[in-house]
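The first residue in the sequence is number 1, and the count goes up from there.
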Amino acid sequence: MLRRSIPGGSVNPRQARAVFNTAILTAILEKGPTVISLPGDVASADGGHPRDSDHHSGHAGSVPSDADLDRLVEMIDDAKTVTIFGGEGCRQARDEVIALAGRLKAPVGYALRGKQWLEHGNPNAVGMTGLLGYGGGLSCYQRG
C-alpha cells in the first residue's frame, strides 16, 4: 500500500484548508492513506466553515479525445526526433510511458513531481531540468 506524506505542511491556519484538500484528494485518487504534519498552533486553530467548492467527487483526471490521440500520432510520425517530458500525470501510466520511450527510442525527462515515477528502472531517463535538474534533459529538448 502506498502511503503518501503531504510535504510542506501548513505554516498558518489559513493554509490548512488547502493542505487538507490536497491530502483528501490524494487519498481518494491513490486509494490509500495520507499523512499531514501540522504545527500545534495550526492544529488547534479555528479553520472556519467549509465551502461547497471544497468537496471533491473523487473522479479527477482527464482522458484525451480520440482526435487528440490521432493528432499526437501524426506529430510523432512527422517528427525527426521525439523527447518525452513527464510529470505527476505519468503516475498511473509509468509502464506505458517507458514502453513508448523504448519503442520510439526517445529520451525521457521529467519534472520534480515526475521523478519518482519516471526515473527508477527507466533506461531512457535523462533527468530533470530547471533549477534542480542538470544538462542531460535540457540537451535532449534542444536537439533536433
**Report entry** Pairing residues for D77 by the side-chain contact (heavy atoms from CB on, under 4.5 Å) criterion, not counting sequence neighbours
**Finding:** V73
Requested in this report: For T22 and T26, work out which heavy atoms get closest and say how close.
Outcome: O-OG1, 2.7 Å
Query raised in the report: Does the side chain of W117 reach to within under 4.5 Å of the side chain of E88, using non-hydrogen atoms?
Result: yes
Query - Atom of A101, atom of V108 and distance for their closest heavy-atom approach - result: CB-CG2, 3.4 Å
**Report entry** side-chain contact (heavy atoms from CB on, under 4.5 Å) against I76, all qualifying residues, sequence neighbours excluded
**Finding:** L72, V82, L104
Requested in this report: Go through the structure and list residues passing salt bridge (Lys or Arg N to Asp or Glu O under 4.0 Å) with E74, not counting sequence neighbours.
Outcome: R71
Query raised in the report: Residues in side chain to side chain donor-acceptor pair (under 3.5 Å) with D68, at least two apart?
Result: S65
**Report entry** E96 side, atom CD; R103 side, atom CZ - distance, nearest 0.5 Å
**Finding:** 13.5 Å
Report summary line: Heavy-atom closest pair (P123 atom, I98 atom, distance to 0.1 Å) is CD-CG2, 4.4 Å
**Report entry** Residue list, side-chain contact (heavy atoms from CB on, under 4.5 Å) with A111, at least two apart or on another chain
**Finding:** F85
Report task. Find the distance between CG (D95) and CG (L100) and round it off to the nearest 0.5 Å. Result -> 12.5 Å
Report summary line: Taking every heavy atom of P64 against every heavy atom of L69, the minimum-distance pair comes out as CG-CD2, 3.7 Å
Query raised in the report: Any donor and acceptor pair, going by atom type alone, linking the side chain of N124 with main-chain N or O of A106 inside 3.5 Å?
Result: yes
Requested in this report: Identify the heavy atoms of E119 and A125 that sit nearest to each other, and give their distance.
Outcome: O-CB, 4.0 Å
Report summary line: Looking only at heavy atoms, the pair that brings G109 and L118 closest together is O-CD1, 4.5 Å
